[in-house]
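Shown next, in structure tokens, is the structure this report addresses.
Bear in mind the structure is a predicted one, so any value in this text is a computation, not a measurement.
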Amino acid sequence: MNKTIYIFWTEANELTPRRKTNLQIIKDRCGVELKFLNHNDIPKYELADHKFHEAYQYLSATAKSDYCRSYFMNFYGGAYCDIKRAEWDWNEYFNLLDQTDYWVLGYRLRAITDLAVSPEDPELTIIQDNWNLLLGAGAMICKPQTPLTTYWFELMTSILDKKINQLRSNPAVHVRDRLNWTGTTSGYPLRWAEIGPETFMKSCYTYKDKLCHQLPCPNLDEKYR
């Protein structure tokens with residue numbers, strides 16, 4: 001089991017003070033290797049047999065992080081964590097996943113309002129009805145290249161394949177750009193969670209019997225800007 005936590009910062013802009021504090025908290029308390037990968041480091045992890053999608057260069061910083069989360073969890077395995085307050089030792093959770101037949105270990109959604117699912121998904125209603133069986137996308141541990149992570153990566157890739165021409169013509173103009181963002185003239189074609197939490201939670205629903213819900217939940221309510 002790859003006992004490494006990956007955290008991504010995909011643009012050259014500075015971490016906010018709160019994020020710097022949270023990153024240090026995770027580093028001090030996680031008990032395992034932590035790799036904070038910035039926009040210069042990330043390309044070093046691109047695999048020769050699995051090049052980054054052409055669309056990566058056109059994505060917002062947020063969507064680039066979503067892309068990296070799926071890419072790394074599928075091809076490298078280990079853990080991902082948002083730069084939010086996560087004050088625990090991860091060793092027991094790595095060990096728990098390693099010793100079971102589960103494929104992903106994460107935290108439970110707190111409420112249906114945490115659910116992210118494509119409004120176009122034919123299983124929208126049934127996924128909403130089963131929201132409490134799924135995992136949040138802000139922190140997780142994954143075994144590499146399981147059917148779940150493979151499905152997740154391929155689902156995300158299929159969205160980028162379909163929208164590559166739109167992305168070429170309308171690349172992100174802001175680190176948090178998203179479809180129909182009020183106040184901008186951007187034609188950026190991706191919803192906020194379209195290639196991130198939406199694809200992860202769809203994958204969790206598809207393989208819901210392979211989820212372990214034992215990870216603590218990061219502080220999702222703390223302001224981090």
Side-chain angles (χ1 to χ4, degrees), residues 1-47 61-110 114 116 134-146 148-149 152-153 193 196-197 199-201 203-204 210-225:
M1 189 76 204
N2 176 18
K3 283 191 174 183
T4 302
I5 301 171
Y6 298 97
I7 295 178
F8 308 111
W9 194 248
T10 61
E11 295 291 336
N13 53 321
E14 287 290 322
L15 287 174
T16 61
R18 177 61 65 186
R19 283 191 174 103
K20 288 180 181 178
T21 297
N22 287 344
L23 180 62
Q24 190 62 49
I25 288 170
I26 298 169
K27 183 177 180 180
D28 290 344
R29 304 192 183 185
C30 67
V32 297
E33 182 179 21
L34 186 149
K35 290 187 176 180
F36 174 71
L37 305 182
N38 64 26
H39 66 291
N40 293 317
D41 300 320
I42 290 168
K44 300 173 186 176
Y45 288 80
E46 184 178 22
L47 298 170
T62 300
K64 285 178 179 176
S65 181
D66 289 338
Y67 182 91
C68 289
R69 172 171 41 190
S70 177
Y71 186 98
F72 276 71
M73 291 302 94
N74 183 45
F75 295 115
Y76 288 96
Y80 165 84
C81 192
D82 284 348
I83 311 178
K84 294 183 171 68
R85 187 176 291 263
E87 303 180 87
W88 63 81
D89 187 315
W90 290 63
N91 276 288
E92 67 174 287
Y93 304 105
F94 274 103
N95 293 339
L96 175 59
L97 183 61
D98 193 37
Q99 294 164 9
T100 67
D101 293 329
Y102 293 119
W103 293 340
V104 180
L105 185 149
Y107 62 91
R108 291 186 183 276
L109 300 181
R110 301 167 300 172
D114 288 343
L134 308 183
L135 299 174
M140 65 193 69
I141 306 173
C142 297
K143 293 177 180 176
Q145 295 189 280
T146 64
L148 189 157
T149 61
W152 177 18
F153 183 73
T199 57
F200 176 67
M201 293 184 194
S203 304
C204 286
K210 289 297 187 177
L211 307 178
C212 181
H213 300 81
Q214 296 300 311
L215 194 70
C217 181
N219 188 334
L220 303 177
D221 299 319
E222 180 183 56
K223 293 183 179 180
Y224 55 91
R225 298 190 204 295

(message) Please report the interatomic distance CD1(Ile26) to CD1(Ile7), rounded to the nearest 0.5 Å.
(response) 4.0 Å
(message) Between Leu135 and Met140, is there a side-chain heavy-atom distance shorter than 4.5 Å?
(response) no
(message) Take a 6.0 Å sphere around CG of Asp101 and say whether it holds more than 12 heavy atoms from other residues, nucleotides or ligands.
(response) no
(request) Spell out, as yes or no, whether a donor-acceptor pair under 3.5 Å connects the side chain of Asp89 to the backbone of Gly31. (result) no
(message) Are Ser70 and Thr199 packed together at the side-chain level, in the sense that at least one heavy-atom pair is separated by less than 4.5 angstrom?
(response) no
(message) Counting C-beta onward and ignoring hydrogens, is there a side-chain heavy-atom pair between Asn219 and Lys84 closer than 4.5 Å?
(response) no
(message) If you define the side chain from C-beta out and look only at heavy atoms, does anything of Met1 sit under 4.5 Å from Asn95?
(response) no
(message) Taking the side chain as everything from C-beta on, heavy atoms only, tell me whether Arg110 gets closer than 4.5 Å to Leu220.
(response) yes
(message) When you compare the side chain of Tyr67 with that of Thr10, does any pair of heavy atoms fall below 4.5 Å?
(response) no
(request) Give the minimum heavy-atom separation between Ala61 and Glu11, together with the two atoms involved. (result) CB-CG, 3.1 Å
(message) For Trp88 versus Leu215, what's the shortest heavy-atom pair and its separation?
(response) NE1-CD1, 3.8 Å
(message) For a quick test of reading the model, state the closest non-hydrogen atom pair linking Asn2 to Phe94 and the distance between them.
(response) O-CE2, 3.2 Å
(request) Take Ile141 and Leu96, measure what side-chain contact (heavy atoms from CB on, under 4.5 Å) needs, and give me the verdict at the end. (result) CA-CA 10 Å; Ile141 306 173; Leu96 175 59; over 6 Å; no
(message) Minimum heavy-atom separation for Trp152 and Met73, please, with both atom names.
(response) CZ3-CB, 3.7 Å
(message) Is there a side-chain contact between Cys68 and Ile42 in this structure, where contact means two heavy atoms from C-beta onward sitting under 4.5 Å apart?
(response) yes
(request) Look at atom NZ of Lys35 and say whether more than 12 heavy atoms of other residues, nucleotides or ligands are closer to it than 6.0 Å. (result) yes
(request) Determine, step by step, whether Gln145 and Phe75 satisfy the side-chain contact (heavy atoms from CB on, under 4.5 Å) criterion, reporting the C-alpha distance in whole Å, the side-chain angles of both residues, the deciding distance to 0.1 Å, and the verdict. (result) CA-CA 6 Å; Gln145 295 189 280; Phe75 295 115; 3.9 Å; yes
(request) State, to 0.1 Å, how close Pro144 and Thr149 come at their nearest heavy-atom pair, and which atoms those are. (result) C-OG1, 4.1 Å
(message) Would the distance check show the side chain of Thr21 and the main-chain N or O of Pro17 forming a donor-acceptor pair, the cut-off being under 3.5 Å?
(response) yes
(message) Between Tyr76 and Thr4 (side chain of the first, backbone of the second, donor and acceptor by atom type, cut-off under 3.5 Å), is there such a pair?
(response) no
(message) To the nearest 0.5 Å, what is the distance between CD on Gln24 and CG on Leu34?
(response) 9.5 Å
(message) Using 0.5 Å steps for rounding, measure from the CD atom of Glu14 to the OG1 atom of Thr16.
(response) 10.0 Å
(message) Using modelled atom types and a 3.5 Å cut-off, is there a donor and acceptor pairing between side-chain atoms of Asn74 and backbone atoms of Phe153?
(response) no
(request) Find the distance between CH2 (Trp103) and CG (Leu148) and round it off to the nearest 0.5 Å. (result) 7.0 Å
(request) Test Arg69 against every option in Tyr6, Tyr80, Phe200 by the side-chain contact (heavy atoms from CB on, under 4.5 Å) rule and name the one that passes. (result) Tyr80
(request) Give, for atom CG of Leu37 and atom OH of Tyr45, the distance between the pair rounded to the nearest 0.5 Å. (result) 5.0 Å
(message) In the structure I gave you, are the side-chain heavy atoms of Asp114 and Tyr107 within less than 4.5 Å of one another anywhere?
(response) no
(request) Measure the CH2-CG distance between Trp9 and Asn38 for me, rounded to the nearest 0.5 Å. (result) 11.0 Å
(request) Please answer whether the main-chain N or O of Ile25 pairs with a side-chain N or O of Asp28 as donor and acceptor at a distance below 3.5 Å. (result) no
(request) Starting from the C-alpha separation in whole Å, work towards a yes-or-no answer on side-chain contact (heavy atoms from CB on, under 4.5 Å) for Gln214 and Leu97. (result) CA-CA 9 Å; Gln214 296 300 311; Leu97 183 61; over 6 Å; no
(request) Give the intermediate values and the outcome of side-chain contact (heavy atoms from CB on, under 4.5 Å) for residues Tyr102 and Lys143. (result) CA-CA 8 Å; Tyr102 293 119; Lys143 293 177 180 176; 5.7 Å; no
